[in-house]
Asker: 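Here it is, the structure, as structure tokens.
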Amino acid sequence: MNNPKIADAFDEIADLLEFQAANPFRVRAYRNAARKVRDLSESLAAMVDEGADLTKLDGIGKDLAEKIAELTTAGRTAMLDELRSAVPPGVLALLRIPGLGPKKAAALHKELGIVSLEMLRAACEEHKVRALKGFGDKTEEAILAGIDFAAHAQERVYWATADATVQELLAHLEGAPGVRRLEAAGSYRRGKETVGDLDLLADAPDHGPVMDRLAEFPGIAETLARGDTKMSVRLDTGMQVDLRVMPAESFGAALQYFTGSKEHNVKLRGLAKDRGLKVNEWGVFRVGKDGAEGERVGGATEDEVYTLLDLVTPAPELREDRGEFDLKQAPKLIELADLRGDLHMHTTATDGRASLREMVQAAKDRGLKYIAITDHSQRVSMAGGLTPERLREQWREIDLVRKEFDSIEVLKGIECDILERGGMDLPDDVLAEADWVIASLHYGQSQPRSQIMERLLGAVEHKHVSIVAHPTGRLINRREAYDVDIERLVAAAAAAGKLLELNANPARLDLNDQHCALAKKHGVPIVISSDAHRIEGLDVLRYGVLQARRGGLTASDVANTLSWSELKKLVGRK
DNA sequence: GCCGTTTTCGGCCCGACTGTTTTCAGTCG
């Protein structure tokens with residue numbers, strides 16, 4: 001059993017335990033473990049095989065280590081089997097309904113015997129639900145409305161999609177009377193690859209006008225809640241937007257709090273407690289001897305909050321409780337302006353929509369100093385992949401283009417397929433002539449790990465290959481990664497002096513943030529590439545930069561911040 | 001269920017909002 005499956009098992013255990021009203025901290029232990037396992041780059045199955053001490057992992061104790069061993073060897077754990085037999089399948093679906101938590105869901109199951117969304121709908125329509133203690137007619141109506149919502153609850157959207165909505169919301173709210181400051185917080189501000197809902201924070205003397213303004217936003221489906229400081233709405237797209245209106249003196253504390261992540265905040269508040277302080281969205285407070293809230297000591301800015309706890313202020317992208325509390329100084333993370341070249345793009349020669357010259361002009365317009373033209377190789381027949389003859393033809397065209405354009409270098413590249421049986425899709429003598437050779441895998445994606453790794457490692461060790469593109473192949477929300485041993489791939493790249501791509505397409509973002517951190521640890525340079533198939537495709541680099549920042553990368557960790565002549569030496573091209 | 005030079009037991013972040021209640025539990029983030 002692989003890491004994601006183990007994480008899923010722990011999450012399911014947490015859900016089931018919660019449903020049974022188990023100790024909330026025990027539930028949290030399982031959720032924490034699920035997250036740690038998901039974040040882990042090493043294969044737990046391999047660690048178990050090697051007899052590694054899993055309790056060395058943060059959040060994994062004796063009990064969870066045993067369950068991991070059980071899951072990796074037997075593919076199941078007795079505890080989960082027992083929980084599943086105790087809770088009818090379908091009951092957990094109730095928890096997806098907004099407003100239904102474990103307590104209410106358990107009451108519905110216990111009192112009315114409800115085991116599915118369909119039964120729940122019938123019970124609501126027969127008004128059996130409102131008769132239960134703790135339920136009323138409003139709850140019943142909310143559940144009925146929530147069933148349809150839960151049935152097709154949307155998944156988290158790409159950061160890029162969320163960004164478009166955020167910009168519209170901010171532009172709309174800026175017009176509200178009295179608004180002094182406006183920020184988008186939450187996972188959006190942390191630059192997470194997907195965003196579930198939007199958190200907006202406003203500094204205004206009075207909450208009324210700002211909330212009224214939000215209510216007028218075109219595309220609001222309904223208002224979910226509205227109080228003195230907090231308002232929640234749902235957009236037509238299904239996305240939820242939470243607005244908080246806070247006074248200026250609390251703005252920093254509020255921004256810190258609503259930026260999260262949850263795990264970061266839990267840790268932060270624990271650290272505050274150790275220091276005799278309390279942190280909430282209103283500020284930082286001393287705690288009296290009797291535990292009562294004491295003097296307020298700060299909270300106007302985020303820096304103030306962190307400084308009061310003797311911490312450096314981590315960039316929002318780093319706030320995931322993945323070591324940011326140990327920072328002695330804040331790293332200067334990479335920025336979009338640091339990128340000087342783009343080394344992965346397509347033209348009409350294969351499946352691109354813009355011609356060679358159009359791509360060069362568009363790249364030059366965007367201030368890029370060098371680009372590599374990297375169309376597909378012949379194996380990718382659906383895209384009209386290039387044979388050696390057609391590739392050489394394109395390179396002759398590039399010779400001409402080089403004379404037509406100044407102030408941008410155009411490199412002769414290729415995105416060469418790694419064949420299903422292993423080996424490269426073009427002969428060595430052709431690859432030897434290229435300035436830049438990308439190796440990537442498009443076919444045989446469901447092969448077992450051993451085969452996938454043989455292909456990837458073969459490419460890494462190939463003398464003419466510069467880099468492996470979209471190394472895991474995952475498509476966010478759509479396709480799982482190939483079965484890649486990322487730890488081994490990174491180690492091999494380090495040994496061979498090769499580079500790895502961070503593909504900036506919002507649907508790929510491959511490598512992911514944790515993989516970037518792993519590459520940095522091994523000293524493997526990352527190249528952030530657009531993989532553009534049209535002119536506008538060149539504009540995705542910013543999403544790659546966000547992902548790189550989440551991995552803690554600085555400009556010196558990213559190879560296309562170098563000039564081409566520096567980068568050429570790095571990859572050993574003549 | 002995890003964790004620990006203050007602890008191997010007793011902690012484990014904190015507050016807003018809603019609905020169903022007459023003071024609070026449940027849910028959510």
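Predicted model only: the values in this text are computed from it and were never measured.
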Asker: What distance, rounded to whole Å, do you find between the two C1' atoms, one in B:dG29 and one in B:dT20?
Answerer: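 Result for the C1' pair: 22 Å, nearest Å.
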Asker: By a strict heavy-atom criterion of less than 4.0 Å, which residues belonging to residues 23-39 of chain A are in contact with DNA chain B?
Answerer: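 Heavy-atom contacts with DNA chain B come from A:N23, A:F25, A:R26, A:R28, A:A29, A:Y30.
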Asker: Is the base of B:dT7 syn or anti, if syn means a glycosidic angle within 90° of 0?
Answerer: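 Syn conformation here, the glycosidic angle of B:dT7 being no more than 90° from 0.
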Asker: If you draw the axis of the six-membered ring of A:F135, does the NZ or CZ of A:K104 fall within 45° of it and under 6.0 Å from the ring centre?
Answerer: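 Yes, cation above the ring, under 6.0 Å and within 45°.
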Asker: Should A:F19 and A:H109 count as side-chain neighbours, where that means a heavy-atom distance under 4.5 Å?
Answerer: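 Yes, side chains in contact.
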Asker: Regarding A:Q514 and A:R38, do their side chains bring together a donor and an acceptor under 3.5 Å, going by distance alone?
Answerer: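 There is no such pair between these side chains.
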Asker: Who are the side chain to side chain contact (heavy atoms under 4.5 Å, CB included) partners of A:C516, not counting sequence neighbours?
Answerer: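 Applying side chain to side chain contact (heavy atoms under 4.5 Å, CB included) to A:C516 gives A:L502, A:L511, A:L553.
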Asker: At under 4.0 Å between heavy atoms, which parts of nucleotides 16-29 of chain B does protein reach? Answer with one letter per nucleotide, 5' to 3': B base, S sugar-phosphate only, - none.
Answerer: SSSSS-----SSSB
Asker: In whole angstroms, how far is the C1' atom of B:dC2 from the CD atom of A:E263?
Answerer: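 In whole Å, B:dC2 C1' and A:E263 CD are 16 Å from each other.
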Asker: Using heavy atoms and a sub-4.0 Å distance, could you list which residues of residues 297-309 of chain A are near DNA chain B? By number, please.
Answerer: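 Those residues: none at all.
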Asker: Are A:V312 and A:Y306 packed together at the side-chain level, in the sense that at least one heavy-atom pair is separated by less than 4.5 angstrom?
Answerer: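 A:V312 vs A:Y306: side chains apart.
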Asker: Taking only residues at least two apart or on different chains, which pairs with a member in residues 50-86 of chain A satisfy ring-ring contact (aromatic ring centres under 6.0 Å, His included)?
Answerer: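 Not a single pair qualifies under ring-ring contact (aromatic ring centres under 6.0 Å, His included).
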Asker: Please check if the side chain of A:E304 supplies one atom and the backbone of A:G299 the other of a donor-acceptor pair under 3.5 Å.
Answerer: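 Present.
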Asker: Can you tell me the distance, in whole Å, between the CG atom of A:D63 and the C1' atom of B:dT8?
Answerer: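 Going from A:D63 (CG) to B:dT8 (C1'), I get 17 Å.
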Asker: What I'd like to find out is whether the side chain of A:R189 reaches to under 4.5 Å of the side chain of A:R319, using heavy atoms alone.
Answerer: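 Answer yes - side chains close enough.
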Asker: What integer distance in Å separates A:D15:CG from B:dG1:C1'?
Answerer: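 Taking atom C1' of B:dG1 as the reference, CG of A:D15 is at 16 Å.
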Asker: Taking B:dC17 as the reference, what is the distance to B:dT23 when you measure between their C1' atoms (whole Å, please)?
Answerer: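 One C1' to the other, the span is 16 Å.
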Asker: Scan every strand shown for a Watson-Crick or G-U wobble partner of B:dG29, both distances under 3.5 Å, and answer none if you come up empty.
Answerer: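 When the pairing criteria are applied, B:dC14 turns out to be the nucleotide that pairs with B:dG29.
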Asker: Give A:K273 one of three labels, base, sugar-phosphate or nothing, depending on what nucleic acid heavy atoms sit under 4.0 Å from its own.
Answerer: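 If one applies the 4.0 Å heavy-atom cut-off, A:K273 turns out to touch the sugar-phosphate alone, with no base involved.
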Asker: Between B:dG11 and B:dA16, how far apart are the C1' atoms? Round to whole Å, please.
Answerer: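 Looking at atom C1' only, B:dA16 and B:dG11 are 25 Å apart.
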Asker: Which of these, A:R508, A:R550, A:R156, A:R474, sits in a salt bridge (Lys or Arg N to Asp or Glu O under 4.0 Å) with A:E193?
Answerer: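 One option only clears the test, and that one is A:R474.
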Asker: In whole angstrom, give the distance that lies between atom CD of A:E18 and atom C1' of B:dG1.
Answerer: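 That distance rounds to 15 Å.
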Asker: Please report the distance separating the P of B:dG1 from the corresponding atom of B:dT6, rounded so that it comes out in whole Å.
Answerer: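 Rounded to whole Å, the distance is 28 Å.
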Asker: Measure from CG on A:L268 to C1' on B:dG15 and round the result to the nearest Å.
Answerer: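 Rounded to whole Å, this separation is 15 Å.
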Asker: Identify whether the distance between the nearest side-chain nitrogen and carboxylate oxygen of A:E12 and A:R84 falls below 4.0 Å.
Answerer: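 Here A:E12 pairs with A:R84 in a salt bridge, since their nearest N and O are under 4.0 Å apart.
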Asker: For A:A93, give me all partners under side chain to side chain contact (heavy atoms under 4.5 Å, CB included), at least two apart in sequence or on another chain.
Answerer: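 Applying side chain to side chain contact (heavy atoms under 4.5 Å, CB included) to A:A93 gives A:R96, A:L117.
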Asker: Rounded to whole Å, how long is the line connecting atom CG of A:L277 with atom P of B:dC14?
Answerer: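 Between P of B:dC14 and CG of A:L277: 11 Å.
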Asker: Mind telling me whether A:H172 and A:F217 have parallel, tilted or perpendicular rings, with 30° and 60° as the class edges?
Answerer: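 Rings of A:F217 and A:H172: perpendicular, over 60°.
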Asker: What is the separation between atom CZ on A:F285 and atom C1' on B:dC13, rounded to the nearest whole Å?
Answerer: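 About 14 Å, once rounded to whole Å.
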Asker: Taking any heavy-atom pair under 4.0 Å as a contact, classify A:N265: base, sugar-phosphate, or nothing.
Answerer: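 Touches nothing.
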Asker: Pick the C1' atom in B:dC12 and in B:dT18, then give their distance to the nearest Å.
Answerer: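 Roughly 27 Å separates the two C1' atoms.
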Asker: Work out how far the C1' atom of B:dC2 is from that of B:dT8, and round it to whole angstrom.
Answerer: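 About 12 Å, rounded to a whole number of Å.
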Asker: Taking the side chain as every heavy atom from C-beta outward, state whether A:F10 and A:I68 have any atom pair closer than 4.5 Å.
Answerer: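 Heavy-atom side-chain distance check passes, below 4.5 Å.
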Asker: Could you give the CG-to-P distance, from A:D321 to B:dC3, as a whole number of Å?
Answerer: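 So the CG-P distance, A:D321 to B:dC3, works out to 13 Å.
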